[in-house]
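Have a look at the structure below before the remarks.
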2 protein chains.
Amino acid sequence: MSETAAEAEVFKALADPNRRKILDELAERDGQTLFEICSRLTMRHQLGLSRQAVSQHLDVLLRAGLIRSRREGRYKFHHIDTTPLEHLTDRWRGGGARENRCAST
Amino acid sequence: MSETAAEAEVFKALADPNRRKILDELAERDGQTLFEICSRLTMRHQLGLSRQAVSQHLDVLLRAGLIRSRREGRYKFHHIDTTPLEHLTDRWRGGGARENRCAST
DNA sequence: TTGATAGGCAAGTGACGACTTGCCTATTGT
DNA sequence: ACAATAGGCAAGTCGTCACTTGCCTATCAA
């Protein structure tokens with residue numbers, strides 16, 4: 001087999017345009033709460049997503065390991081984590097070792 | 001706006017596990033025909049996909065720019081093209097330009 | 001304690017996507 | 001010409017997924 005279940009989750013998470021916008025939002029301003037993400041998504045991206053919709057998207061992103069959540073009182077802050085993206089497409093672009101030409105192993 | 005329609009196609013194309021397997025196949029042995037891909041997918045990956053299913057997947061990959069097709073007589077050869085993958089995830093990992101600098105800490 | 005804010009859970013709806021089924025065209029070999 | 005091979009087209013089925021709806025819990029301020 002060539003890919004892990006975790007990788008599959010990442011691909012599935014990235015498949016939705018709205019989830020990618022959420023990642024955009026968190027990349028621009030990390031550590032937002034659910035309500036913050038909702039309002040900023042509406043204001044800045046003309047994205048009319050309900051709170052529950054965003055919440056479910058955050059769940060998917062969480063399961064994919066693309067965000068981490070930290071609870072603080074009644075607030076829950078969400079942080080982007082890009083490590084799952086690091087070598088996601090290497091299996092196709094490599095085959096060998098070009099394209100990554102830093103100081104590869 | 002933050003992403004092009006072409007990028008969205010790529011994400012959608014990568015969302016399906018079977019399409020990723022097809023890319024795996026072509027990465028390992030480029031320039032296969034539809035029937036070749038079918039049989040090798042069945043033999044080597046225990047993937048029981050019909051010809052039409054694979055054909056439709058190839059269409060999606062084609063539209064995403066991840067493969068190119070070349071017709072020759074009654075054969076049609078499919079070639080992987082990884083250029084759409086090149087900076088796919090940069091919008092989240094960068095923002096700036098760290099993280100791609102090899103000699104990391 | 002009461003009300004307001006931040007978030008969670010779960011069932012239901014609707015649409016899109018993966019795959020099938022059936023038939024058709026085009027090229028090659030004999 | 002005829003059969004066999006390689007592929008294409010289009011309608012239909014079915015499951016998954018995004019989103020909604022409705023209600024519930026928890027924390028904070030007055």
Side-chain angles (χ1 to χ4, degrees), chain A residues 3 5 8-26 29-43 45-64 66-79, chain B residues 3 5 8-26 29-43 45-64 66-79:
Chain A
E3 85 179 13
E9 289 298 311
V10 175
F11 281 115
K12 256 182 27 184
L14 292 179
D16 187 90
N18 291 336
R19 276 197 290 269
R20 297 197 294 273
K21 291 255 185 185
I22 291 176
L23 284 183
D24 286 339
E25 244 316 301
L26 288 178
R29 173 191 253 240
D30 201 23
Q32 295 187 57
T33 68
L34 175 57
F35 274 80
E36 264 183 289
I37 295 172
C38 280
S39 56
R40 284 179 60 106
L41 235 42
T42 306
M43 298 295 123
H45 301 273
Q46 273 72 32
L47 242 270
L49 283 180
S50 73
R51 178 181 62 84
Q52 292 84 348
V54 175
S55 179
Q56 285 169 12
H57 282 312
L58 289 175
D59 265 358
V60 176
L61 291 170
L62 200 79
R63 266 194 291 278
L66 285 167
I67 64 174
R68 302 192 181 281
S69 298
R70 155 177 67 94
R71 183 118 214 182
E72 218 166 278
R74 68 173 151 176
Y75 299 104
K76 191 174 178 187
F77 301 101
H78 301 276
H79 298 267
Chain B
E3 86 180 9
E9 289 299 309
V10 175
F11 281 115
K12 257 182 27 184
L14 293 179
D16 187 273
N18 292 336
R19 276 196 292 269
R20 296 197 295 272
K21 291 255 185 184
I22 291 176
L23 285 184
D24 288 338
E25 244 317 300
L26 289 177
R29 173 188 251 241
D30 202 22
Q32 296 187 55
T33 68
L34 175 57
F35 275 79
E36 265 181 289
I37 296 172
C38 279
S39 55
R40 284 178 60 106
L41 236 41
T42 306
M43 297 297 123
H45 300 275
Q46 273 71 34
L47 242 270
L49 282 180
S50 73
R51 180 182 61 86
Q52 292 83 349
V54 175
S55 178
Q56 286 170 9
H57 283 313
L58 289 175
D59 264 359
V60 176
L61 291 169
L62 199 78
R63 267 194 290 277
L66 286 166
I67 64 174
R68 302 192 181 281
S69 298
R70 156 177 66 96
R71 183 117 214 181
E72 218 167 279
R74 69 173 150 176
Y75 300 103
K76 191 174 179 187
F77 300 101
H78 301 276
H79 298 267

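Residue numbering restarts at 1 for every chain, and letters A, B, ... go by the order of the sequence lines.
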Inset, instruction - Report yes if a side-chain nitrogen or oxygen of B/His57 is closer than 4.0 Å to either non-bridging phosphate oxygen (OP1 or OP2) of C/dG17; otherwise report no. - result: no
Legend entry - Spacing of A/Leu14 atom CG relative to D/dC17 atom C1', expressed in whole Å: 16 Å
Legend entry - First encountered from the 5' end of DNA chain D, between B/Arg74 and A/Tyr75: B/Arg74
Inset, instruction - Examine the side chains of B/His57 and B/Arg19 and answer whether a donor and an acceptor come within less than 3.5 Å of each other. - result: yes
Legend entry - B/His78 NE2 - D/dG7 P separation (whole Å): 6 Å
Legend entry - Below 4.0 Å: OP1/OP2 of D/dC19 and any side-chain N or O of A/Ser50: no
Legend entry - Test item: side-chain donor near acceptor, B/Arg70 and B/His79, under 3.5 Å: yes
Legend entry - Cationic N near anionic O, under 4.0 Å, B/Lys21 to A/Glu3: no
Legend entry - Heavy-atom donor-acceptor pair, B/Arg71 side-chain to D/dG7 base, under 3.5 Å: no
Legend entry - N/O (side chain, B/Lys76) to phosphate O (OP1/OP2, C/dT27) under 4.0 Å: no
Legend entry - No-H, no-angle donor-acceptor pair, A/Glu72 side chain to D/dT27 base, under 3.5 Å: no
Legend entry - OP1 or OP2 of D/dG8 under 4.0 Å from side-chain N/O of B/Ser55: yes
Inset, instruction - May I ask you to decide if A/Gly48's main-chain N or O and A/Thr42's side chain share a donor-acceptor pair within less than 3.5 Å? - result: no
Legend entry - Integer-rounded Å distance: C/dC24 P and B/Gln52 CD: 15 Å
Legend entry - Nucleotide of C/dA6, C/dC19, D/dG7 approaching A/Phe35 most closely (side-chain heavy atoms): C/dA6
Legend entry - D/dG8 phosphate, OP1 or OP2, under 4.0 Å from B/Arg51 side-chain N/O: no
